[in-house]
Structure formats: C-alpha cells, structure tokens
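Only one structure is covered here, and it is reproduced in the block below.
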Amino acid sequence: SKRMKGTSIYRPFVYGSTARRFNDDFPRPDHVPADHTHSWTVFVKGVDNTDISYWLNKVQFKLHDSIENHIRNVDQLKPGETFETSATGWGEFEITIKFYFVPESNEKAQAFYHHLDLHPYGDEANQKQQRETNEVQSWRYDEMVWNEPYESFFEYMTTP
Ligand code: SLL
C-alpha cells in the first residue's frame, strides 16, 4: 500500500484529568495513605463520547514513578468504556499519554503530555466553581492528524 501524497486524515478527541480533594463529603478511603490529598483520573475520549476505538487501539499512561504501577496500559475496551486510569496522591506532575493506533494505520505510536492539575486555577469565578463542585477539570480538545496516510488506512477510515 502506498502513502497518499497531499492527503491527511484527522479525528478529534479530548484528553485531560479530573481531580477531587478528599474532604468530609468525599472521605479518603481507609486503604489510601494519609498523606494523599486527592483522587484523580486521566483519560482520552471522543468528543461527546463518540467512539474512538476504531482508530485508537491502546493508550499508555505514564504516571509519576512514585505511584504504584505507574505505567498503565489501557486497551481492549468494551462498549461504553473509556481509555482512562485513576490514582490518589498529593502532587502534580506531567503525565505522558501515548497513543497506539490500530494496526490498519501502519503508523508509529505518538505521545502527548498533560499536566495533572489538582488545585483550582483560572479566574476567581472559575476557582469558586471548582471549589464548590470539588472538581478540578483540566481538559483539552485536540485533533489527531495523519499526514500522507497509507491508502489502505485511508480506505479503512473512510469506509462506513
Ligand atoms: C512534586 N514533582 O515534587 C512533583 C512530584 C509526585 C506526586 C509529584 C503519589 C504518591 C504516592 C504522588 O502524589 N506523587 O503514591 O505515594 O511535587
């Protein structure tokens, strides 16, 4: 199969994290160490939860190496499941999110970087809202672009 000159394919996705602070309404479970202040999830998903598993085969989340089992591979999703992983902790750090594409693509894996936000940020109104909901969301919209895709991948992606 040849690469298609002058052609590209793109698909939108959302990635990021949601963090919650332990408090009276959201107590720290007994098995969680006492110095852990937050519970959080990092994810990759389609816009409005559209399925992305037809082009995304596996996601590897590389967390801080202070975290148990810090390299997390998520694949073979069942319908309705999301590429995501969760942990508890006390600190912010950079998460590497590596995308592995379906074999039809013949493309190498590609990495994205996400800063885990645990603390309210932005202007006063935003911070107030984050404190009230006890949810710090740090989400980003992006598009995966494949330039000069293989003909077979182009067909795979454009055939209903
Ligand atoms: C910092 N550079 O010093 C960062 C590192 C690492 C945070 C933050 C997990 C701890 C655990 C955790 O929150 N690590 O699982 O014991 O701020």
Side-chain angles (χ1 to χ4, degrees), residues 8-147:
S8 57
I9 310 175
Y10 62 91
R11 289 292 183 274
F13 64 95
V14 183
Y15 69 102
S17 53
T18 300
R20 306 185 68 197
R21 175 184 285 279
F22 294 126
N23 60 29
D24 290 345
D25 299 323
F26 181 58
R28 176 174 54 78
D30 286 338
H31 65 271
V32 173
D35 65 338
H36 287 198
T37 50
H38 290 76
S39 171
W40 51 266
T41 299
V42 57
F43 67 86
V44 178
K45 59 187 175 193
V47 175
D48 295 328
N49 289 316
T50 53
D51 178 36
I52 53 175
S53 64
Y54 70 92
W55 58 265
L56 190 57
N57 210 19
K58 177 176 104 170
V59 177
Q60 182 184 79
F61 298 96
K62 198 168 178 187
L63 312 177
H64 194 268
D65 62 16
S66 61
I67 295 171
E68 206 174 281
N69 183 20
H70 77 287
I71 297 177
R72 313 264 180 98
N73 291 304
V74 183
D75 61 0
Q76 298 187 328
L77 294 188
K78 297 190 188 76
E81 287 183 345
T82 303
F83 293 103
E84 65 177 21
T85 192
S86 298
T88 61
W90 48 264
E92 300 186 344
F93 58 92
E94 209 78 56
I95 299 175
T96 304
I97 306 177
K98 202 165 175 185
F99 288 57
Y100 294 82
F101 307 112
V102 292
E104 287 85 347
S105 71
N106 260 294
E107 300 285 355
K108 288 185 299 201
Q110 192 172 317
F112 287 76
Y113 301 91
H114 173 70
H115 180 80
L116 172 66
D117 282 305
L118 298 182
H119 306 289
Y121 63 90
D123 62 30
E124 265 316 308
N126 273 306
Q127 295 197 21
K128 183 167 183 284
Q129 195 243 345
Q130 293 169 72
R131 277 193 302 269
E132 279 169 6
T133 58
N134 190 23
E135 255 186 20
V136 173
Q137 296 182 340
S138 177
W139 297 12
R140 222 151 254 105
Y141 173 97
D142 207 337
E143 278 166 2
M144 185 59 68
V145 182
W146 297 275
N147 289 316

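Note that ligands are numbered from 1 as they come in the structure, with each ligand's atoms numbered from 1 the same way. Index from 1, following the sequence.
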How close does the nearest protein non-hydrogen atom get to [atom], and which residue and atom is it?
atom: atom 13 (O) of ligand 1; value: Trp90 N, 2.8 Å
atom: atom 4 (C) of ligand 1; value: Glu92 O, 3.5 Å
atom: atom 5 (C) of ligand 1; value: His64 NE2, 3.5 Å

Heteroatom proximity flag, Gly91 to ligand 1, N/O under 3.5 Å: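 It does: an N or O of Gly91 is found under 3.5 Å from an N or O of ligand 1.
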
Gln130 side chain to Gln137 backbone, donor-acceptor under 3.5 Å: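 No.
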
Asn57 (side chain) donor-acceptor with Tyr100 (main chain) under 3.5 angstrom: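 Answer holds: no.
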
Nearest atoms (heavy-atom pairs only) where Arg72 meets Thr85: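 Scanning both residues completely, I find the closest heavy atoms to be NH1-OG1, 2.7 Å.
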
Subset of ligand 1 atoms that lie under 4.0 Å from at least one heavy atom of His36: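 Counting atoms of ligand 1 from 1, those under 4.0 Å from His36 are 10 (C), 11 (C), 15 (O), 16 (O).
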
For Ser66, atoms of ligand 1 separated by under 4.0 Å from a heavy atom: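 This gives 6 (C), 7 (C), 9 (C), 10 (C), 11 (C), 12 (C), 14 (N), 15 (O), 16 (O) as the contact atoms.
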
Ionic contact status for Glu132 with Lys128, cut-off 4.0 Å: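 Looking at Glu132 together with Lys128, the answer is yes, because their closest N to O distance falls below 4.0 Å.
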
Output field: ring centroids Phe99/Tyr15 closer than 6.0 Å: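 Here the rings of Tyr15 and Phe99 have centres that are no less than 6.0 Å from each other.
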
